[in-house]
Amino acid sequence: MTPLAHIAALPVRAYRLIFSPWVGHNCRYQPTCSAYALEALEKHGAIKGSWLALRRIGRCHPFGSSGYDPVPEPKQRPNRKI
């Protein structure tokens with residue numbers, strides 16, 4: 001994980017430590033939004049990982065879907081030979 005991704009993960013870790021025990025375990029998705037955010041930051045870095053996490057949190061509402069929603073794998077760039 002990049003240093004910027006570590007910094008971006010701090011609010012998520014704080015949420016899991018402080019607020020998550022009080023809120024309860026009512027997540028519509030598997031993995032939970034906080035686990036999704038940490039995995040997205042680890043796989044995709046700070047910018048894209050944050051974007052993926054915000055999109056996921058935006059989908060988490062009473063009229064949204066539910067179920068298994070994994071973090072997408074990073075796209076591999078083809079090796080170009082010059």
Side-chain angles (χ1 to χ4, degrees):
M1 191 182 295
T2 65
L4 192 55
H6 274 291
I7 293 169
L10 288 176
V12 177
R13 293 186 194 280
Y15 165 79
R16 290 181 104 182
L17 182 67
I18 298 168
F19 296 113
S20 183
W22 296 96
V23 174
H25 302 286
N26 322 28
C27 196
R28 304 176 61 80
Y29 291 105
Q30 184 66 318
T32 63
C33 291
S34 59
Y36 183 96
L38 292 174
E39 188 177 345
L41 289 167
E42 185 176 320
K43 283 185 176 182
H44 295 280
I47 304 298
K48 186 167 183 180
S50 296
W51 171 247
L52 289 170
L54 288 173
R55 279 185 40 211
R56 166 68 176 276
I57 292 168
R59 290 193 309 262
C60 193
H61 54 81
F63 303 110
S65 62
S66 62
Y68 182 64
D69 181 27
V71 176
E73 292 296 323
K75 292 184 181 177
Q76 301 216 353
R77 294 182 178 175
N79 292 334
R80 296 186 341 171
K81 295 182 180 180
I82 298 176

Worksheet item: Are any non-hydrogen side-chain atoms of H6 and L41 less than 4.5 angstrom apart?
Response: no
Could you pull out all residues at least two apart from [X] that satisfy side-chain contact (heavy atoms from CB on, under 4.5 Å)?
| X | value |
| --- | --- |
| S34 | V12, Y15, R16, T32 |
| A53 | A37 |
| T2 | L4, A5 |

Worksheet item: What residues form a salt bridge (charged side-chain N to carboxylate O under 4.0 Å, His left out) with R59, not counting sequence neighbours?
Response: D69
Worksheet item: Taking only residues two or more places apart in sequence, or in another chain, which ones meet E39 in a salt bridge (charged side-chain N to carboxylate O under 4.0 Å, His left out)?
Response: K43
Item to complete: Starting at CZ of R55, measure out to NZ of K48 and round the result to the nearest 0.5 Å.
Response: 8.5 Å
Response to the item:
Distance col, row M1:CE vs H44:NE2, nearest 0.5 angstrom, shows 12.0 Å
Item to complete: Locate the shortest heavy-atom distance separating S65 from Y29; write the atom from each residue and the value.
Response: OG-OH, 3.1 Å
Discussion item. Give me the atom names and distance for the closest heavy-atom approach of S50 to A8.
Written reply: OG-CB, 4.1 Å
Worksheet item: Taking the side chain from R28 and the backbone from G64, do they hold a donor-acceptor pair closer than 3.5 Å?
Response: yes
Worksheet item: Got more than 12 heavy atoms from elsewhere within 6.0 Å of CD1, I47?
Response: no
Worksheet item: When Ile, Leu, Val, Met, Phe, Trp and Tyr are grouped by side-chain heavy atoms lying under 4.5 Å apart, directly or through other members, which residues fall in the same group as L52?
Response: Y36, V71
